[in-house]
Amino acid sequence: MPFPQLPPELLWAILSHLAAEDDYLSLCACALTCRALVSPAQAGIFRTISLHSEDPIWLAKLESLPHIRAFAKRLYLREIDNRWTRCSEVLHRTLDLLSPYIVSLDIFHRRCRQVKPRFDFPSLSRLKFIEEISLKEDDVKGQPGVIHGNNALPTFLNQFPNLRAITFDECWVRNQIIDSKSDITAPVFRLERLEVRCCLDTLALDWLIPALSSLQRLHFSCWIFDPAVRWRT
């Protein structure tokens, strides 16, 4: 009597719940259970790729196991800085391998000193199919509290024409609006979701207004009152 088997699509649906809970231990156990569970378990295990500094572990995995590249949907860049994104051959090779698959990008821009320009990450434009971005940016202690007319964040976001959702997790740099914005290119994307947990970059928020014509969800989960920060509508 043949052993009964669940349809593959049902197995993928069941294991997707483990992936949603980031239960990697259970996913790894499932991957070792039987052949039918290997692919749906690996889809959860490798859904998020987290890169930090010059660690070559992920590059080695992606080169030796090419089938797992298609499972990668989210890229998390921890403590990213300008020099790393410009000069790291490991990062560039990893981005080239992941470019056809990554649709979600999380960035934590840790800055121990004033960096100019902000968000100067041209190598990330290799990720041509990004639909979601989450940004977290440290402030720099001991530096002037307010800057004016810095268009680094709009320039960075305009590298991703397929962008549909943005989350400002923590953007502490106070960047105020200037009277003339003629040198700032208008958004090339249209957002369906915008979530603002904390963002003191008033210029970036104001710049986004033309991209909100198709907005389906707007969520402010945290807001810090500051007389210098306002969203003009």
All side chain to side chain contact (heavy atoms under 4.5 Å, CB included) counterparts of [X], not counting sequence neighbours:
X: Ser134; value: Asp106, Thr167, Asp169
X: Ile57; value: Asp55, Lys61
X: Arg126; value: His92, Leu95, Asp96, Ser123

Report task. For residues 36-48, pull every pair meeting side-chain hydrogen bond (donor to acceptor under 3.5 Å, both in side chains), keeping only residues two or more places apart or in separate chains. Result -> Gln42-His67, Thr48-Arg74
Spell out, yes or no, whether [X] and [Y] are grouped together once hydrophobic residues are joined by side-chain heavy atoms under 4.5 Å, including indirect joins.
X: Ile45; Y: Val38; result: no
X: Tyr76; Y: Phe121; result: no
X: Leu98; Y: Val103; result: no
X: Tyr101; Y: Leu75; result: no
X: Leu191; Y: Ile184; result: yes

Requested in this report: For Trp84 and Leu51, run side-chain contact (heavy atoms from CB on, under 4.5 Å): C-alpha distance rounded to whole Å, both residues' side-chain angles, the deciding distance at 0.1 Å, then the answer.
Outcome: CA-CA 11 Å; Trp84 179 44; Leu51 300 179; 4.1 Å; yes
Would a 4.5 Å heavy-atom cut-off, applied to side chains only, mark [X] and [Y] as touching?
X: Leu97; Y: Leu59; answer: yes
X: Ile107; Y: Phe156; answer: yes
X: Pro122; Y: Arg86; answer: yes
X: Pro154; Y: Thr185; answer: no
X: Leu135; Y: Cys171; answer: yes
X: Leu208; Y: Ile166; answer: yes
X: Trp207; Y: Leu153; answer: no

If you measure from [atom1] on [X] to [atom2] on [Y], what distance do you get to the nearest 0.5 Å?
X: Ser214; Y: Arg193; atom1: OG; atom2: CZ; result: 15.0 Å
X: Glu63; Y: Ile68; atom1: CD; atom2: CD1; result: 11.0 Å
X: Glu137; Y: Phe119; atom1: CD; atom2: CZ; result: 4.0 Å
X: Glu132; Y: Leu163; atom1: CD; atom2: CG; result: 9.0 Å
X: Leu91; Y: Arg93; atom1: CG; atom2: CZ; result: 11.5 Å

**Report entry** Qualifying salt bridge (charged side-chain N to carboxylate O under 4.0 Å, His left out) pairs with a residue from residues 17-39, counting only residues at least two apart or across chains
**Finding:** none
Quick one: closest heavy-atom pair of [X] and [Y], and the distance?
X: Phe160; Y: Leu124; value: CE2-O, 3.4 Å
X: Ile130; Y: Ile102; value: CD1-CG2, 3.6 Å
X: Arg78; Y: Ser50; value: NE-OG, 3.1 Å
X: Thr94; Y: Val90; value: OG1-O, 2.8 Å

Query raised in the report: Can you check whether Phe129's main-chain N or O pairs, donor with acceptor, with Asn162's side chain at less than 3.5 Å?
Result: no
Requested in this report: Determine whether the aromatic ring centres of Phe46 and Phe71 lie less than 6.0 Å apart.
Outcome: no
Pair up each side-chain donor or acceptor in residues 6-19 with any protein partner under 3.5 Å, not counting sequence neighbours, and list the distances.
residue : atom : partner : partner atom : Å
Ser16   : OG   : Ala13   : O            : 2.6

**Report entry** Side-chain ion pair, Arg197 and Glu195, N-O less than 4.0 Å
**Finding:** yes
